[in-house]
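Here's the structure we're looking at; comments come further down.
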Amino acid sequence: MGTTAPNPRRITMTPAARRALTAAARLFYERGLHAVGVDLIAAEAGVTKKTLYDRFGSKEQIVVEYLADRDERWRAFLAERLDATGPDPRERVLAVFDASRAWAQEFSPKGCSMVNAHAEISDPAHPAHPIITGQKRWMLALFTRLTEEIAPETAESTGRALMLLHEGALVAHGLGVFPDAIAQAREQARALLG
């Protein structure tokens with residue numbers, strides 16, 4: 001479904017590593033990446049710090065696994081919804097907004113985990129940075145590809161406009177600026193597509 005992020009180094013998940021990642025994901029999303037230490041992750045997961053370091057090697061790698069896992073789950077969630085949508089390219093664009101709205105309601109009450117992570121990880125040298133920017137590049141490529149089927153001559157600019165609507169809606173949703181920001185962005189996308 002478009003451009004992918006560079007492949008980060010990933011680990012093999014044991015049951016203890018999976019428990020640790022589940023705990024870390026919840027804590028990172030609720031409290032922020034910098035606010036959560038390995039002591040808290042280990043305690044919440046019921047594992048030792050030694051187990052965390054044996055499995056992940058570093059807190060940075062736990063962050064990589066958290067964001068890569070979340071990105072993989074989002075892409076699968078979106079693919080399922082796009083597969084269930086008919087061939088009409090306009091409806092497929094709007095299905096992205098519908099999927100984002102459903103995802104946000106179920107998994108992201110505090111906004112996009114990638115945007116939130118980028119607020120804490122802006123250094124391109126951080127191993128999680130390519131996951132964050134890669135997901136957003138993938139979304140831009142998806143919007144552009146979908147709009148190529150509608151108006152090939154303006155696909156690049158329309159894809160960017162849709163991306164701006166989408167990302168702005170995710171941020172507005174996370175901040176609670178106004179109710180149902182993603183649904184409002186969907187209606188703006190519908191108007192943009194004509």
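Judged as a salt bridge (Lys or Arg N to Asp or Glu O under 4.0 Å), not a single pair has a partner in residues 106-115 (not counting sequence neighbours). Counting only residues at least two apart or in different chains, side chain to side chain donor-acceptor pair (under 3.5 Å) contacts with residues 16-35 comprise R26-E44.
With hydrophobic clusters built from ILVMFWY side chains whose heavy atoms lie under 4.5 angstrom apart, L21 shares a cluster with V38. One hydrophobic cluster, built from ILVMFWY side chains closer than 4.5 Å, holds both W138 and F77.
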Inset, instruction - With salt bridge (charged side-chain N to carboxylate O under 4.0 Å, His left out) as the test, would you mind laying out the steps for E187 and R190 before giving the verdict? - result: CA-CA 5 Å; E187 291 313 304; R190 180 190 297 280; 3.5 Å; yes
Inset, instruction - Might you work through the side chain to side chain contact (heavy atoms under 4.5 Å, CB included) test for T147 and L193, ending with a clear yes or no? - result: CA-CA 8 Å; T147 57; L193 295 172; 4.2 Å; yes
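For R75 against G134, the heavy-atom pair with the smallest separation is NH2-O, 3.9 Å. Summarising the geometry of G32 relative to E120, their closest heavy-atom pair is CA-OE2, 3.3 Å, with the distance given to 0.1 Å. Pairing each heavy atom of S113 with each of R70, the nearest pair is OG-NE, 2.8 Å.
A side-chain donor from one of T133 and R137 sits under 3.5 Å from a side-chain acceptor of the other. Side-chain contact of E65 with Q61: a donor-acceptor pair under 3.5 Å is present, judged by distance alone.
In this structure, CG in D54 is found 12.5 Å from NZ in K49, a value given to the nearest 0.5 Å.
The side chain to side chain donor-acceptor pair (under 3.5 Å) search around K59 returns none, not counting sequence neighbours. Residues passing the side chain to side chain donor-acceptor pair (under 3.5 Å) test with D69 are R73, sequence neighbours excluded. For R101, the side chain to side chain donor-acceptor pair (under 3.5 Å) criterion is met by D180, not counting sequence neighbours.
Contact check for D123 versus H129: no side-chain heavy atoms found under the 4.5 Å cut-off. Residues M139 and W74 have side chains in contact (heavy-atom distance under 4.5 Å, counting atoms from C-beta outward). Residues I150 and T158 form no side-chain contact, since every pair of their non-hydrogen atoms from C-beta on lies 4.5 Å or further apart. Between D98 and T85, the closest side-chain pair of non-hydrogen atoms is not below 4.5 Å. At least one side-chain heavy atom of E148 sits under 4.5 Å from a side-chain heavy atom of T144. When side chains are defined from C-beta on, F28 counts as touching I41, because their heavy atoms get closer than 4.5 Å. Considering only heavy atoms from C-beta on, L52 comes within 4.5 Å of V47 through its side chain.
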List, one per line, each side-chain donor-acceptor pair under 3.5 Å for residues 159-175, sequence neighbours excluded.
residue, atom, partner, partner atom, Å
R160, NH2, E156, OE2, 3.0
H166, NE2, S100, OG, 2.5
E167, OE1, K136, NZ, 2.8
E167, OE2, K136, NZ, 3.4
H173, NE2, S108, O, 2.9

